[in-house]
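A short write-up of the structure that comes next.
Residue indices begin at 1 and follow the sequence shown.
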Amino acid sequence: MAGNNSEAVMMRNKQVILKNYINGSPKESDLYVKTDSISLKVEQGTSAVIIKNLYLSCDLYSMSRMKDHNDREGYSSDLPGSAVKGFGVGKVVESGHAELKKEDLVWGLTGWEEYSLITNPESLIKILHTDLPLSYYTGILGISGMTAWAGFYQVCSPKKGEYVFISSAFGAVGQVVGQFAKLFGCYVVGSAGSDEKVELLKNKFGFDDAFNYKEEQDLNAALKRYFPQGIDIYFENVGGKMLDAVLLNMRLRGRIAVCGMVSQYNLDHPDGVHNLMNILDKRIRMEGFVVIDYMSQYSEFLDVAVPSIREGKIDYVEDIVEGLENAAAALVELSSGKSVGKVVIVVARD
């Protein structure tokens, strides 16, 4: 239970702070590191918890929160001068919540800092499968994996033998979607931004094929080459010209799960899409989704993901970054497409 504030222990707390809202791609100068202090006691009578952060996810979600979304319903922005927010793994060091005890391991929305005060602990998920790497809960067993599962199984309603295309397939979500699709018995092709990533998609993650979209002059022709019979399921991560080309190559009653549109995030004037008539002609179902709407099914996701990881049926690549002082550089590298694997910031290992 919560302690008394008069007995509070003060602890140093290194934080990554947002200097100003970002425009376009992030720069290291948009963030800075400062050391503050935090009380390791929660206010008596509250359900708040304090967690020691162990692993943090460096991803597009955190980058999105650094932009000014105050005029967009359903979007959250970090306040300049405050610690960056994102998903992470931590250990409970003090709790006023009946179901979270000291030393419990949890994952959920936290701060880019050594210690975080969580005032809505109902959003935290207790980690039960501790035989798997804790860092996995920043990705494949956290939001990334859950997004892949929800988008593929729930939104796309796959059938065995269908033809599946995944853009940005080497991303933390895309690589898991592809492996779920292969386990389900689908034919899977992905696109990525380098030859190295293409080879990993084919040789490590088991995709049937993959291509470097940067080397394709005509995306429509490329998709016809890889899908001569057309595409049943498109897992959309890119938008823009890729989406336009996919619409020309969808099969009758195909499904498109819109997870993200990374090519559009930093544009002042987003690209138009010209081939929307295909949605009507081919009876295509195109649906955007947000993973938070599916979190009540998290245990169902674990029933699929945990055995598959334990049995080596799903592989996973992490790009480990040591220390909060290197978080800004990691975010910039992620934004530029240079990182290979799920980017994880290590704050502490225990």
Side-chain angles (χ1 to χ4, degrees), residues 1-21 31-59 61-62 64-66 68-70 73-128 130 134-135 137-138 141-143 146 291-292 295-296 298-299 323-325 327 344-350:
M1 293 299 293
N4 189 300
N5 277 342
S6 64
E7 304 168 356
V9 176
M10 302 303 292
M11 184 66 72
R12 184 195 73 170
N13 192 25
K14 186 185 293 184
Q15 301 175 300
V16 179
I17 304 296
L18 176 65
K19 185 181 294 183
N20 293 298
Y21 288 128
L31 305 170
Y32 65 95
V33 177
K34 80 168 187 178
T35 300
D36 208 334
S37 60
I38 185 172
S39 167
L40 294 191
K41 292 292 182 182
V42 298
E43 186 176 343
Q44 206 155 16
T46 73
S47 63
V49 301
I50 296 170
I51 64 172
K52 178 182 180 181
N53 290 308
L54 304 177
Y55 301 95
L56 300 174
S57 173
C58 182
D59 52 36
Y61 173 75
S62 289
S64 173
R65 291 185 64 101
M66 297 175 197
D68 186 354
H69 295 306
N70 291 320
E73 185 177 353
Y75 285 79
S76 298
S77 296
D78 294 331
L79 291 175
S82 66
V84 173
K85 297 291 191 298
F87 290 95
V89 173
K91 180 191 295 184
V92 176
V93 297
E94 183 73 3
S95 175
H97 193 279
E99 296 181 13
L100 291 175
K101 307 299 183 186
K102 188 174 181 178
E103 301 295 318
D104 279 349
L105 294 165
V106 295
W107 75 268
L109 189 64
T110 183
W112 284 20
E113 54 193 354
E114 291 178 290
Y115 294 90
S116 292
L117 172 65
I118 309 296
T119 56
N120 58 332
E122 297 78 13
S123 66
L124 297 174
I125 297 175
K126 191 182 296 188
I127 294 173
L128 302 177
T130 55
L134 289 180
S135 59
Y137 288 89
T138 68
L141 290 175
I143 286 295
M146 183 64 190
V291 67
I292 198 69
M295 291 309 296
S296 62
Y298 182 66
S299 61
L324 286 168
E325 61 276 7
V344 179
I345 301 165
V346 180
V347 183
R349 294 186 184 274
D350 56 42

Pair Glu94, Ser39 - check side chain to side chain contact (heavy atoms under 4.5 Å, CB included), show working. CA-CA 10 Å; Glu94 183 73 3; Ser39 167; over 6 Å; no
Show, in sequence, the C-alpha distance, side-chain angles and deciding distance for Arg349 and Tyr55, and conclude whether the side chain to side chain contact (heavy atoms under 4.5 Å, CB included) test is met. CA-CA 8 Å; Arg349 294 186 184 274; Tyr55 301 95; 3.9 Å; yes
Given Leu105, which partner from the list Val92, Leu128, Leu134 fulfils the side chain to side chain contact (heavy atoms under 4.5 Å, CB included) test?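 Among Val92, Leu128, Leu134, the one meeting side chain to side chain contact (heavy atoms under 4.5 Å, CB included) with Leu105 is Leu134.
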Residue among Thr110, Val344, Ile127 satisfying side chain to side chain contact (heavy atoms under 4.5 Å, CB included) with Val89: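 Among Thr110, Val344, Ile127, the one that satisfies the side chain to side chain contact (heavy atoms under 4.5 Å, CB included) with Val89 is Ile127.
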Side chains of [X] and [Y]: does their closest heavy-atom pair fall under 4.5 Å?
X	Y	answer
Ile143	Tyr61	no
Leu54	Tyr137	no
Leu324	Val347	yes
Pro121	Glu99	no

When rounded to the nearest 0.5 angstrom, what is the spacing between [atom1] in [X] and [atom2] in [Y]?
X	Y	atom1	atom2	answer
Leu141	Met146	CG	CE	12.0 Å
Leu31	Asn20	CG	CG	10.5 Å
Asp104	Lys102	CG	NZ	12.0 Å
Ser62	Ile345	OG	CD1	7.5 Å
Glu122	Leu100	CD	CG	8.5 Å
Leu79	Arg65	CG	CZ	9.0 Å

Check step by step if side chain to side chain contact (heavy atoms under 4.5 Å, CB included) holds for Val42 and Val49. CA-CA 7 Å; Val42 298; Val49 301; 5.5 Å; no
Main-chain N/O of [Y] paired with [X] side-chain donor or acceptor, under 3.5 Å:
X	Y	value
Ser57	Gly88	no
Thr138	Ser135	yes
Ser116	Ile118	no
Lys52	Asp350	yes

At their closest point, which heavy atom of [X] faces which heavy atom of [Y], and how far apart are they?
X	Y	answer
Met295	Ile125	CE-CD1, 3.7 Å
Ser77	Tyr21	CB-CE2, 4.0 Å
Trp112	Ala83	O-CB, 4.3 Å

Identify all side-chain donor-acceptor contacts of residues 9-19 below 3.5 Å with residues at least two apart in sequence or on another chain.
{"from": "Arg12", "atom 1": "NH2", "to": "Glu114", "atom 2": "OE2", "distance (Å)": "3.2"}
{"from": "Asn13", "atom 1": "OD1", "to": "Glu114", "atom 2": "N", "distance (Å)": "3.1"}
{"from": "Asn13", "atom 1": "OD1", "to": "Tyr115", "atom 2": "N", "distance (Å)": "2.7"}
{"from": "Asn13", "atom 1": "ND2", "to": "Tyr115", "atom 2": "O", "distance (Å)": "3.1"}
{"from": "Gln15", "atom 1": "NE2", "to": "Glu113", "atom 2": "OE1", "distance (Å)": "2.7"}
{"from": "Lys19", "atom 1": "NZ", "to": "Ser29", "atom 2": "O", "distance (Å)": "3.2"}

Is the count of non-hydrogen atoms from other residues, nucleotides or ligands lying under 6.0 Å from Lys126 atom NZ greater than 12?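 Result for NZ/Lys126: enclosed.
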